Structures are given as C-alpha cells and as structure tokens.
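Proteins get letters first, then strands, A, B, ... in listed order; numbering begins at 1 in each. Note that the coordinates shown come from a computational prediction; the quantities given were computed from them, not determined experimentally.
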Amino acid sequence: MSTENSTSTLSREDLARLVAADIAPGSYVNLGIGQPTKVSDHLRADQQVTLHTENGMLGMGPEAHGEDIDEELINAGKIPVTERPGASYFHQADSFAIMRGGHLDVCVLGAFQVSAAGDLANWSTGAPDAIPAVGGAMDLAIGAKQVFVMMSLFAKDGTPKIVADCTYPLTGLACVSRVYTDHGVFLVDHGEDGPSVTLREAHGMSPHEVADRLDFPLTLPAENG
Amino acid sequence: MSTENSTSTLSREDLARLVAADIAPGSYVNLGIGQPTKVSDHLRADQQVTLHTENGMLGMGPEAHGEDIDEELINAGKIPVTERPGASYFHQADSFAIMRGGHLDVCVLGAFQVSAAGDLANWSTGAPDAIPAVGGAMDLAIGAKQVFVMMSLFAKDGTPKIVADCTYPLTGLACVSRVYTDHGVFLVDHGEDGPSVTLREAHGMSPHEVADRLDFPLTLPAENG
Amino acid sequence: MTEFVDTAAEAVARVQDGSTVLLGGFGNAGQPMELIDALLESGTTGLTVVSNNAGQGDRGLALLIKERRVRKVICSFPRQSDSWHFDEAYRAGDIELELVPQGNLAERLRAAGAGIGAFFTPTGYGTTLAEGKETREIDGRHYVLEHPIRGDVALIKAHTADDAGNLLYRKTARNFGPVMATAAAHTVVQVQQRVPVGSIDPEHVVTPGIYVDTVTALGADPARPEGQPENHPQEAKHA
Amino acid sequence: MTEFVDTAAEAVARVQDGSTVLLGGFGNAGQPMELIDALLESGTTGLTVVSNNAGQGDRGLALLIKERRVRKVICSFPRQSDSWHFDEAYRAGDIELELVPQGNLAERLRAAGAGIGAFFTPTGYGTTLAEGKETREIDGRHYVLEHPIRGDVALIKAHTADDAGNLLYRKTARNFGPVMATAAAHTVVQVQQRVPVGSIDPEHVVTPGIYVDTVTALGADPARPEGQPENHPQEAKHA
C-alpha cells in the first residue's frame, strides 16, 4: 500500500495501517472504541507509542486472552487487556485531566460525520427513540493535540460523511485534524483565516471525483491542484 | 486546670491543654504554625487524632531530632517532623482539596483579631512597609469543619482582639467556631438569626468584667446569665 | 475515623430512601457488587445513583434498576449491549436520566470533594449536553460552566484497607473510587483484605483514610483465586 | 516521550530569557537545587517564577533572586526569617510579587494541567487578595473566580524515574512537583536515580511519564547518604 493516489479503495486494515504509520514515534495515543482499536495491531515496537485508556491507565498492552484475562484490567470498551512495562494506573479525574489538558498527542476516533470546519459528530444518531450514551467521546474530541477520524467517506445511501455542516448531534467543535477514509485522507487546517480541508491522497476515485461528491470547497493535492 | 471560671488567667500551656481536650476522639486536625503547634503535646494517644500538614501529609508525628531529621520530611512551618504508622503523602493540590473540601474536623490557628461574626484576621498587620505572605492561612480558615483560634484576649495596648469588626486585613469571613484566650473560651454561633458569641468560661476576671471590656454584645455563661 | 463492620448489610445501613448514592465502577470493574447486593436486600428505594454506567447484565446496579429502586441515574454511558434492565426501565418511563460526559462526571465529583463551587470545562461546549448551561470564552477557547455532584453516600470497591482506612486499589478497577470517596458525606468501601496500620507504604496510599468512613472486608474474591498473587498490589503480598 | 540528559545544564536549556518557570519545592524540600544552579550558570534572566516561597537562605531560588534573574514571583509565602535576598530585591523595587493563597496556587496549577478554564474557589473571598476578582454565590456560599497558571518550563525534583519517565517522590518533598509537571509546556525533572522500565509498580507511579519531558539523574544526594535506605521509596530499594 502506498500513500499516493490509487485506483482501489482502502480496506479497514489498510486504513489502520495508514493511521499507525502516521503516528509520530514516542507519541501518547488514545484509540477509540471500534475501528480505531485496529490501529494498535500496526504500531511497530520501535515507534514506542504509549496507549492511554480513559478508564485509568497509560501503557495499555494488547487484548488479553485465556489465563491473562483479568476483569479488573479492561479498556474503555470493557475488553480485557494487558499491561506494558512502564504502565501506570490513575483515577478517573486524573485520567480525564490527561485528555482535557491536551497531553495526548493523538486520539483516533470513529465518526458519523465530520464538517469542513472539523466539527465532529460521533456519539448520537439523534434518533428520537434512541437511548443516549456519550461516555468519554466529548472529552476525547476536544482533548488531544491531534484528533484523527477513521470512517467510510460515504454513508450507505451514498451521501458524503464529510459535510459543510453536521446534521447529526455534535460531539465537539473544530476539533478534527485529519479524516482517514476508504476514498482518501483529508487534512483539516484550523488556520487563522478559517478552516480548510485538503485532500492528501485519493483512493478508488480521482481527487477531482472526490471533490465533486462533496458539498464544500476541497483543496486538492498540490500535484493535481 | 478546670474548664470552669477561674480567678487566674490561662497560660499558653493551659490553653494548649484545653484545646487538646476539646478535640473529639478520631478527629483529623491541622495545627497552625506557632502557638497551635503546642496542642499536639497534649493530645492523648487514645484520642487517635490524625494530624494533617498542608505541605502534603496525613499522620504527621512529633518534631524530629538528631538522626531522625530528614529535610524531605517537614511540616508547614518547615520544621523536620516524623511519620506515624498509617501516614500518607500526597501532592499540594490534593492536600488543599482536603482542606477546601471540608474534610478536616478541626483547624487550630493563631490570630491578630477575630470579629463577633467569626471573621478571622491572622495573616497581615496591614503595615504599609510589610512584605506580605499568606501561605495556607486563607485555605485553613475556610476549610475545616471547626476553626479554633488561640490568642491572648487583649493586645499589648489593652485593646481587645475579639472585636465588632476586624481592623486588620481579613483572612476569611465567618469562619471561626471558637476562640481560646488567656481570659476565657468564646463560642461563635453561626445561626440562621446571625452570628452570636457566647463566653463558655472566664479566667482571671469575671464573665461580666470580660463582657465590659468587649465592644459587642457577649452572651454570658448560663449560670451567670 | 474509619469504622470496620463485619457485613455488607451493616456497611450500607447509611443509605436511606431517596439518598444520592455514588457508585464506583467502570462497567463491572470496581463495581462494589457485594455492597449493591446488600442494598438490594435492604429494600432501600427512590435512589439517585451517580455512576459511569447504568448496569451490565444481571449483576450489581443492573439489578437495582430491575427492581425499580433507582429513581434517577446520573451517568455517561447507560446504553450498552447488555444494559437491558436500564433500557427497559428507561423506555417504560420508570427512570430519569441525566447524561454527563465522562470527564465532566469525574471532574464534577472531584469538585464536590475539593470544595470547588463550579468550573469552566471545554468538554461538551457547543453540544446538546451543554444546552442551557452558562458558557464563556477564556483566552480564545470556549467553556461550559459545570457544578459539583455530591453524594449522601459513596459505595466503592478497593483492594486493601489498613486499620486507618488508607486504601489501595487494583489496576483499572481504581477508576471512580478515589474521586467518589472524596465527594460523599459518608464513604463506604468493600475491600478484599484488611491489613494492620503500617502495612502500606505511606508513599503508595491512593485514598487516605480521612475519606473513608466505613469498611467491610470480604475476604477472597471468588473471581480472583489466591493462585494469582502477581496481580495483587505489592503491599498485599507483604501483609 | 521522555529524554534523559547527562547534566543539569542540558536539562535547563529550554529556559529562555523571559520564560515563566514553575519551580517545585516547599521551602527547600523538593526544590530542584541542581537545576537552579544550572540556571544560574546559564545566565538566563527576566524570569517569572511560580513557586510556593521566594527562596530561603543562600541556596536555590534565593540565589536566582539575589542575582536579579527574576522579574516577578508568583507565590504564597515569600517573607520568611531567612528570605533576605527576596526582601532586599522587593524593597529595592527590583522584583514584582503576585501573592496567591497556597491552595489557590496549587489549584490554579492543576487547572492549567487539567484543561480547566477557570474555577470558583471559596479561598480568599472577602479578602484583599480577591480584590477586583469576579465573585459568585453558589448554594449559599461565596466564591472567587480564579484562572490557571501555566508555565513555559517546570523545574522539579523527584526521587526516582524509570526509562518511561514515570516518577516517584519522597515524603513531603512531593509537594508541588506532581501538579507543576502537568502545568508546563516542558517539564524538567532532577532525580536521584534512574531505573529500568518495569522497576516501578504501575500502582505506585505518582507522575506518569506523559508529563515528563526531560530528566537528569544526579546520583547520590550528599544530604542523603546511602546509609539511610529505609527512607527511600520501596522501588528504589529493589532497583
């Protein structure tokens, strides 16, 4: 897999590999529940990435199996996990201080929608009969130095999930830095002249085709611009 | 020494003994710098009082001497102290959360003045050329469930130090519960009808003589009222 | 001063009808199952429960909700794959829900314990969970004003208590315990073991005894047989 | 990620003229004397120093003030029996003082580290130290609004660091270290010893490595000869 434009879309595995490769060595990272969890499979040992789980731990290791399962050592998805050397435990207020205080380098989240201003919608479909649950989503959205989103670019009905304005209930405003999708990687710039979105690379369609499907002005990669 | 009215004034040692005897068994207590420190000499082991020092410790023991001196184990007055079994260390924000959150049962402080409303002035003389220093005084004043003050009833010039309104800069408002002085013990009631001060016992002068010297209405002990 | 009682039933005696109860745990980890069982036995009802979740499966808080003892839940993540008792009570209109982002929940509990009157948090700004709340821009960032959450009683789980009430926790079961212990008028703790004063290194104490009112030691946890000592805190091994 | 450097001089290289420096310590306990000595050597000036005190005797911060490297001090207790260098600078009008009640100082540092925009504290309400500050009555109690104190660099002292930057402190020398470590853009720590990852029990870590940017291990402290091992944290003995 290359990070240049390609004619085939990226699989979920490709995406996880791409995100993992983009995380700077030595980073402190929180991986959200679901698709983002897969990123850990592609982090190389020499990247020395330390994983945070918001239920009170730094230095989280891979999922636990068999005899290693300990119901008092779980991740934010309540899956049994393991402990890396150099780990530490802390209580919930200290754990969220790590996030809210901006100490994590990267947080990787799933999403329903991301706006061209970097607004994130990932906690509620807004369906009137749904039982709401937010967990740490809003803290994760506003806490990390960089928030990476992983999702498909289009919903099942073909409408784009990167939009001018989110129609789903918001998780956080102007918080997303990058969006990794099956059809390409989008960089959100929160500049002083207002936000802008640049397509870093396209997959499965051309950059112009991607731009045509979106309802906001997309900056294309330099070689295509 | 009795807790009834007496014809002689209370010495500083008497006061320390009196305060110590009034601390309920099992209490968590902070003793301020100076005269209040003496209270610890009179706490009985069976009272099981736990001492807090705001620089980050519960379970502080007596002053350290000789080989026991450790410059990393000091009290709020920067005097080397010792550690009792069952002690714990914590950082400064956690230590002041213990105070501000109202978890200490008793705090004993010195004072320049206390008002009839229980206002405390103990951190600054207000002299124009003085270099100000407040330390933890304002946190101690408002934090504990009960604040006991130890001081002489009269200043060197003969003016009372329990007053209608403090003239010295305030440390905290309506925070003092009791005032232990050489001439008697005063209880400050913060009732719904406004504050009132009751003389529990007089020493070295009669209750009426004490009342005559003060410039606010003093409630006298029941047997003299 | 910390009192030690022999049974979970005695430990929860402080909880009354209508009490606000802070309930430790993130999922089942750190949830004081035996204290909750005793609360079920006691018949106490009309409770407001503050907890991260609203119960999983057929244990602990889920059973309190099933039995309709809980009038209101203040939590961050009620809906889960196995939160069927909450789901049913909620859809039936039998339980009130106040949804709070998890970090705000933790910080509001901390504020209660630390004597903070209110605080400006960036979490939730611009979302429906901040609707109607005061907001402010400070140094170019937007914040929402949040207030403390206090409990009448906290029910939490720790691993070890010494005779002075100092607590050690275990791994991610620590979660809300230390914060809730500071935020309730009365804190009740179930521990696996009680050790003499002096058994815990003062540098390692997580919750000082000043926050701990009642402790009951349950002995060995069936889920953690003695054959796994390496998972226990260091002091536990020495005791 | 935590970097380890060989000398105190390298460790303080981040401090620039005009920097705001958070300086650990309560009195001399926990004051990073060797880092301050290196700062003296470096010639850096125009500093704003945030610390509980304003130096004692002829060591550490007192010397920085004596040499007029400090433009402003934010502290709770500058005036002491042996604060002669501060007293002289202050009376000469050479140093600015912002006096902050100690608990507000600690909480403002914590707020900076925890991403809290501002908070209402009861401490100082109705006193001259709250003059001009916003106040509010909440549930019948009066509060003052206080804002975070952030540092460009924190210089603190701990006892032990592992290779991941996790820190253990020693007794009341812990004081402001853990809070300041969270409140600065760059945190520099002097420790007595560095140990391999895995030497510190994860339950005992006081400051996680995420807060620690630069560490220098000084080796044995002359004030604490090896003959006193019982005063060292448990892990230190095992290392």
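- Distance check, rounded to the nearest 0.5 Å: CZ of D/Phe77 to CD of D/Gln56 gives 10.5 Å.
- Rounded to the nearest 0.5 Å, atoms CD1 (C/Ile36) and OG (C/Ser51) are 7.5 Å apart.
- One finds the OG1 atom of C/Thr160 at 11.5 Å from the CG atom of C/Asn166 (value rounded to the nearest 0.5 Å).
- One side chain, C/Ser76 or C/Asn52, offers a donor N or O that lies under 3.5 Å from an acceptor on the other.
- Between the C/Glu134 side chain and the C/Leu145 main chain, no donor and acceptor come within less than 3.5 Å of each other.
- Taking chain C as the reference chain and counting heavy-atom pairs below 4.5 Å, the highest number among D/Arg110, D/His142, D/Arg174 is found for D/Arg110.
- In this structure, OG1 on D/Thr45 lies 13.5 Å from CD on D/Gln16, to the nearest 0.5 angstrom.
- Residues of residues 146-155 of chain D lying under 4.5 angstrom from chain C, judged on non-hydrogen atoms, are D/His147, D/Arg150 by number.
- For the atom pair C/Ile74 CD1 and C/Glu98 CD, the distance stands at 4.5 Å (nearest 0.5 Å).
- The contact between C/Ile138 and chain D is made entirely by side chain atoms (from C-beta outward), counting heavy-atom distances below 4.5 Å.
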